[in-house]
Amino acid sequence: MEKFAAGFKKVQKVNSIVIGAALLLMIGVVFLQTFCRFVIFKSLTWSEELSRYLFVAVIALGINLASTNHLFVKIEIIDGYLKGKALFIMNIIRKAVAIYVSFIFVYSGYELIKIGGYQISPAMGIPMTILYGIIFVGFVLNAIALVVDTWEQFSVKEKEEA
């Protein structure tokens, strides 16, 4: 499992580069649209759709990085009251719920991929399978990140007890 976790960390590094590139492209497209609208007085028909799809890609692909770095919203007052084993169990419950939700999104994303084969985006004419596939991949990565994080939490706990 340690080799798998190390390999997954490398996948996350590549994923963060892809997310950064998508974010830069999104900023560029929005800037270009603003420039064209106010300087050339013509609007780009595809820019809003592309920026929306890039935004979805950044969110869907970035959720596993948030899971790995524990950046989700949590109630700090509960964590302040819980200590030791109770806090450990609470974190496991949180991760189990997050894994369950990720699997729901994976299943839904898979079903949307099948439907997306019949749809194309209105402005750009790309198959919607691409966007739904990004959502699917993002939540598969999130489920893996949560499993790896849970495994790491258990291995740290075992080392503390030994």
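What you see is a predicted model; the values in this text were computed from it and never measured.
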Taking salt bridge (charged side-chain N to carboxylate O under 4.0 Å, His left out) as the test, write out the residues that go with K114, two or more places apart.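 K114 satisfies salt bridge (charged side-chain N to carboxylate O under 4.0 Å, His left out) with E111 once adjacent residues are dropped.
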
Any chance you could measure [X], atom [atom1], to [Y], atom [atom2], to the nearest 0.5 Å?
X: T68; Y: L146; atom1: OG1; atom2: CG; result: 7.5 Å
X: K95; Y: M90; atom1: NZ; atom2: CE; result: 12.5 Å
X: I17; Y: Q12; atom1: CD1; atom2: CD; result: 12.5 Å
X: S155; Y: E2; atom1: OG; atom2: CD; result: 7.0 Å
X: S67; Y: R94; atom1: OG; atom2: CZ; result: 13.0 Å
X: I63; Y: I19; atom1: CD1; atom2: CD1; result: 10.5 Å

Hydrophobic cluster membership, with links at side-chain heavy-atom distances under 4.5 Å among I/L/V/M/F/W/Y: are [X] and [Y] in one?
X: L54; Y: I130; answer: yes
X: L71; Y: V58; answer: no
X: I134; Y: F55; answer: yes
X: Y132; Y: I120; answer: no
X: Y100; Y: V147; answer: no

Check the surroundings of atom [atom1] in [X]: do more than 12 heavy atoms from other residues, nucleotides or ligands lie under 6.0 Å from it?
X: Y53; atom1: OH; answer: yes
X: Y110; atom1: OH; answer: no
X: Q153; atom1: CD; answer: yes

Which atom pair, heavy atoms only, marks the closest approach of [X] to [Y]?
X: N64; Y: L61; answer: ND2-O, 2.7 Å
X: E49; Y: M124; answer: OE2-N, 3.0 Å
X: T45; Y: A123; answer: O-CB, 3.5 Å
X: T129; Y: G117; answer: OG1-N, 3.1 Å

Are [X] and [Y] packed together at the side-chain level, in the sense that at least one heavy-atom pair is separated by less than 4.5 angstrom?
X: F4; Y: I144; result: yes
X: K85; Y: I89; result: yes
X: F105; Y: N142; result: no
X: S16; Y: L65; result: yes
X: Q119; Y: P127; result: no
X: V56; Y: I135; result: yes

Step by step, would you call L141 with F8 a side chain to side chain contact (heavy atoms under 4.5 Å, CB included)? CA-CA 9 Å; L141 290 174; F8 184 69; 3.7 Å; yes

Please walk me through it: do I92 and T150 pass side chain to side chain contact (heavy atoms under 4.5 Å, CB included)? CA-CA 7 Å; I92 296 299; T150 304; 3.9 Å; yes

Worked verdict on L44 versus L32 for side chain to side chain contact (heavy atoms under 4.5 Å, CB included): CA-CA 9 Å; L44 302 173; L32 182 64; 3.7 Å; yes

Donor-acceptor side-chain pairing of S51 and Q33 below 3.5 angstrom: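 Absent: no donor and acceptor within the cut-off.
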
Side chain to side chain contact (heavy atoms under 4.5 Å, CB included) for K42 and C36? Distances and angles first, verdict last. CA-CA 6 Å; K42 286 202 172 205; C36 289; 5.6 Å; no

Centroid-to-centroid, Y107 to F136, below 6.0 Å?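 Not under 6.0 Å, so no.
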
Hey, does the side chain of D149 reach the backbone of A145 with a donor-acceptor pair shorter than 3.5 angstrom?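 No.
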
